[in-house]
Asks: 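Just dropping this structure here.
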There are 2 protein chains.
Amino acid sequence: MVKKIAVLGSTGSIGRQTLQVIAAYPERFRLVALSSYRDVGRLAQQARSFKPSQVAIADQSLYHELKRELADSGVKVLAGEEGLCRMAGQSGAELVVNAMVGFAGLKPTLSALSTGISLALANKESLVAGGHLVMPLAAKTGAQVIPVDSEHSAVFQCLQGQDSHAVEQIILTASGGPFFGLSGASLDNVTPEQTLAHPTWRMGAKITVDSATMMNKGLEVIEARWLFSLPYDRIRVLIQRESIIHSMVEFRDGAVLAQLGAPDMRIPIQYALTYPERLSSSVSRVDWLTLGALNFAAPDQENFPCLDLAYRAGQVAGSMPAALNAANEEAVRLFLERRISFRSIPRIIDEVMNKHKLVSSPELEELVETDREARAKAREAAVRKG
Amino acid sequence: MVKKIAVLGSTGSIGRQTLQVIAAYPERFRLVALSSYRDVGRLAQQARSFKPSQVAIADQSLYHELKRELADSGVKVLAGEEGLCRMAGQSGAELVVNAMVGFAGLKPTLSALSTGISLALANKESLVAGGHLVMPLAAKTGAQVIPVDSEHSAVFQCLQGQDSHAVEQIILTASGGPFFGLSGASLDNVTPEQTLAHPTWRMGAKITVDSATMMNKGLEVIEARWLFSLPYDRIRVLIQRESIIHSMVEFRDGAVLAQLGAPDMRIPIQYALTYPERLSSSVSRVDWLTLGALNFAAPDQENFPCLDLAYRAGQVAGSMPAALNAANEEAVRLFLERRISFRSIPRIIDEVMNKHKLVSSPELEELVETDREARAKAREAAVRKG
């Protein structure tokens, strides 16, 4: 009955919350492997607390530091992309939680699935860039891909026990982020600090910026296309300001199913770990009376063009979503470093997409090349646009 | 692939909409039996149109009139309670839709289930008065009870494919009816016409009055107790003014599933007929942007005491819910005949409940006796309270 779990990206926001859920059910879960990009201190601390059999640090240069931290702990230490991928596929885990941030999550995703290990997927870039590799691989090895993103978990929950042929459309909800309602020049001077103050969710920095630009929703649209095998014209985005409705499925008989709850990632994380069961949780419940209302609005495509860029990249397909994603990762980093403005983010992505040499069915190495090139082009564009 | 269906109460609001759904899918459904309380004209017309093998008229005195109407049609004509029950159990239908109004629906429900025929149940009084007979009988014969009420259909849809041990509570939504927000003396002089002008749903007269008094929700709470085997303290009522969220299920992990849709009974009716499949429907879709918001409020227990009366009757159990229901049916009739005021409805029910001699595990005949007595007491109380 004890499920053995590996957590990739255990020191980030989703990773830490995953460990909270695991810690709450010691009789149900055993953590066998952990990894971090470069947070040696926290990773070592997690390892001492959970006693996994192995840990990996993605930044190769930190291998010795981590090794020293865990001397005499009996924990095996791996490092670099190769170490990480080895851990993803061969830690003995029955479920790999991929909570890494960015394109770097794709290779470990493929490693886990290729050995038939099911995946709780929080790394949306795995599907955005490599959905055409990830989903067929999962189908081939019989591994499950269970979404962790609150929106996709909501859709996944709504689809359980339902007639899968009967889905008319998926409605992904979005809070709209901290700048919803602002327009034009008032967006010119928004700061990283303002951008990181999300109205409803506490998340990592990258995804919080993506949420403010609406790129997060764009990436989720592409993710949904792969998870639920629907064409883009049947994946819609709706602003739901309170972040209580996490997404909806509309069926061809006119019925709609929605999953709701407090904006707390521990709900979808726990569901991914316990699926198809549901265990008790002490997360706060929605107080419908205090809430009072759930408000809807249309996404503002004019002032937040990232959503349309993502639809466009998804429809072009091939290597274009990987280019979009890489340009976005780079632009967000530059914005957080105060080297470009908020509104330069979509401009840079648009320019990179326009210059991208499309590969129609890219293999993994072609995606890696697309990622490298798009980042370089984004940096070039940033110098010009600032 | 053609499902043979009997519709009891085919001339009422739910019955007519059921026939619309059946007519839309001639390759999927065949109507084999129909019944009405006393609407000979419409019943005969439906029979000529759908060509069932038998029809029944509940009011025995109308047998000859119906027989005459259907002379040379080849349709077998039955009459009276006995004819109706025979039809419910022996029409050759695979599914009986019980769309009758009131306590009279209980016996045909039992007839269908006792022969193992599954039931699409819109007659809530079957469960309110006789849930302790209906559900064990269904379990014994293996017949399914599929709810048609929009709220219970919503819960039923939300529970598909879910961990049934994990339900924390059911939240039945209520529009609040035409008088939500009114209080005290302003409710003294409301007329039947005002009462019948429901803000969101078009329904028959009895249920529309019940919706205005909140007794409809009270009956639904008792119905939910039987359909979903939950104690009353885990069945909650929430005002959802727009009648778009049809009900919700809260699970122990903090996740909530809700079923939403336009307030159109053809959605739950069709689902009950096609379950577990979903066929296309041309009912209107929810336009989230025009809708703008979903509003919640607490039920007003002080000014609309019928909901609490129903919880009380449900918790007392035994014959009390049958007494509540009978007193309510009688009070609603008297209100529609302008013989009592709107606010006398709960007063009369309360008095009947207080005088009721409880039978703790009533058999069918004891329920019939409870029903008869409670109606008589309601009429007596009405004379005094007017």
Side-chain angles (χ1 to χ4, degrees), chain A residues 21 153-154 157-163 165-169 171 173 236 238-241 244-246 248 250-262 264 266-268 270-271 274-298, chain B residues 21 153-154 157-163 165-169 171 173 236 238-241 244-246 248 250-262 264 266-268 270-271 274-298:
Chain A
V21 170
S153 176
Q157 291 178 51
C158 290
L159 289 174
Q160 297 305 311
Q162 298 298 329
D163 181 350
H165 304 295
V167 175
E168 197 161 87
Q169 65 174 349
I171 301 171
T173 53
R236 223 185 111 185
L238 180 68
I239 302 292
Q240 204 291 287
R241 284 299 279 161
I244 297 294
I245 299 183
H246 298 310
M248 306 195 266
E250 196 171 299
F251 294 92
R252 63 184 174 192
D253 63 350
V256 177
L257 291 181
Q259 190 263 332
L260 304 87
D264 188 322
R266 289 172 298 178
I267 299 175
Q270 180 172 307
Y271 185 74
T274 65
Y275 166 79
E277 270 186 276
R278 292 181 188 272
L279 301 183
S280 295
S281 167
S282 59
V283 300
S284 64
R285 274 28 180 188
V286 178
D287 178 341
W288 307 98
L289 301 179
T290 306
L291 177 68
L294 293 168
N295 289 284
F296 303 106
Chain B
V21 171
S153 176
Q157 292 178 53
C158 290
L159 290 174
Q160 297 305 310
Q162 298 297 329
D163 180 349
H165 303 295
V167 175
E168 197 161 87
Q169 64 174 350
I171 301 172
T173 53
R236 226 184 110 184
L238 180 68
I239 302 293
Q240 203 291 287
R241 284 299 279 161
I244 297 295
I245 299 183
H246 298 309
M248 304 196 266
E250 196 172 300
F251 294 92
R252 63 184 173 191
D253 62 351
V256 177
L257 290 181
Q259 190 263 330
L260 304 86
D264 188 322
R266 288 172 298 178
I267 298 175
Q270 180 171 307
Y271 186 73
T274 65
Y275 167 79
E277 269 185 277
R278 292 182 188 271
L279 301 184
S280 294
S281 168
S282 59
V283 299
S284 63
R285 274 27 179 188
V286 178
D287 178 342
W288 306 98
L289 301 179
T290 306
L291 176 69
L294 294 168
N295 289 284
F296 303 105

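Values in this document were obtained by computation on a predicted structure and should not be read as measured data. Just so it is clear: chains get the letters A, B, ... in the order the sequence lines come, proteins before strands, and each one is counted from 1.
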Asks: As an exercise: rank A:I245, A:L289, A:T274 by heavy-atom pairs under 4.5 Å with chain B and give me the winner.
Replies: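 Most heavy-atom pairs within the cutoff with chain B belong to A:L289.
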Asks: Give, as side chain, backbone, both or neither, the part of B:E168 having an atom under 4.5 angstrom from any heavy atom of chain A.
Replies: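 Side chain only.
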Asks: Work out which heavy atom in A:D253 is nearest to a heavy atom in B:V283; give both atom names and the distance.
Replies: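 In terms of heavy atoms, the two residues are closest at O-CG2, 3.7 Å.
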Asks: Between chain A and each of B:A298, B:S280, B:G161, count heavy-atom pairs under 4.5 Å; write down the option with the most.
Replies: B:S280
Asks: Could you report the tightest heavy-atom contact between A:A258 and B:L260, atom names first, then the distance?
Replies: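 That would be CB-CD1, 3.5 Å.
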Asks: Which one of A:Q160, A:M248, A:R285, A:Q259 has the most heavy-atom pairs closer than 4.5 Å to chain B?
Replies: A:R285
Asks: Chain B: which of A:Q270, A:Q162, A:H246, A:H165 shares the most heavy-atom pairs with it under 4.5 Å?
Replies: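 Looking at each option in turn, the highest pair count goes to A:Q162.
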Asks: By ring pair (Phe, Tyr, Trp, His ring centres under 6.0 Å), which residues pair with B:Y275, not counting sequence neighbours?
Replies: B:F156, B:Y271
Asks: Do the side chains of A:Q157 and B:F251 get nearer than 4.5 Å, heavy atoms only?
Replies: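 Not in contact.
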Asks: Between A:D163 (side chain) and B:R278 (backbone), is there a donor-acceptor pair under 3.5 Å?
Replies: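 Side chain of A:D163 to backbone of B:R278, a donor-acceptor pair under 3.5 Å: yes, one is there.
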Asks: Mind checking whether A:L257 and B:C158 have side chains closer than 4.5 Å, heavy atoms only?
Replies: yes
Asks: Using non-hydrogen atoms only, which part of B:L291 is less than 4.5 Å away from chain A: side chain, backbone, both, or neither?
Replies: side chain
Asks: State, to 0.1 Å, how close B:I267 and A:G254 come at their nearest heavy-atom pair, and which atoms those are.
Replies: CD1-O, 3.7 Å
Asks: What part of A:I239 lies closer than 4.5 angstrom to a heavy atom of chain B: side chain, backbone, both or neither?
Replies: neither
Asks: Could you go through the side-chain contact (heavy atoms from CB on, under 4.5 Å) check for B:W288 and A:T173 one step at a time?
Replies: CA-CA 11 Å; B:W288 306 98; A:T173 53; over 6 Å; no
Asks: Using heavy-atom distances under 4.5 Å, tell me whether A:E250 contacts chain B through its side chain, its backbone, both, or neither.
Replies: side chain
Asks: What distance separates B:N295 CG from A:N295 CG, expressed to the nearest 0.5 Å?
Replies: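 Between B:N295 CG and A:N295 CG, I get 7.5 Å after rounding to 0.5 Å.
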Asks: If you define the side chain from C-beta out and look only at heavy atoms, does anything of A:F296 sit under 4.5 Å from B:V286?
Replies: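 Side-chain contact under 4.5 Å: no.
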Asks: Given the options A:S281, A:P276, A:A262, which has more heavy-atom pairs under 4.5 Å with chain B than any of the others?
Replies: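 If we count pairs closer than 4.5 Å to chain B, A:S281 comes out on top.
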Asks: Under a 4.5 Å heavy-atom cut-off, does chain B meet the side chain of A:A297, its backbone, both or neither?
Replies: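 It is the backbone, since no side chain atom gets that close.
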Asks: Quick check on A:I244 against chain B: is it the side chain, the backbone, both or neither that has a heavy atom closer than 4.5 Å?
Replies: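 When you check distances to chain B, no heavy atom of A:I244 falls under 4.5 Å.
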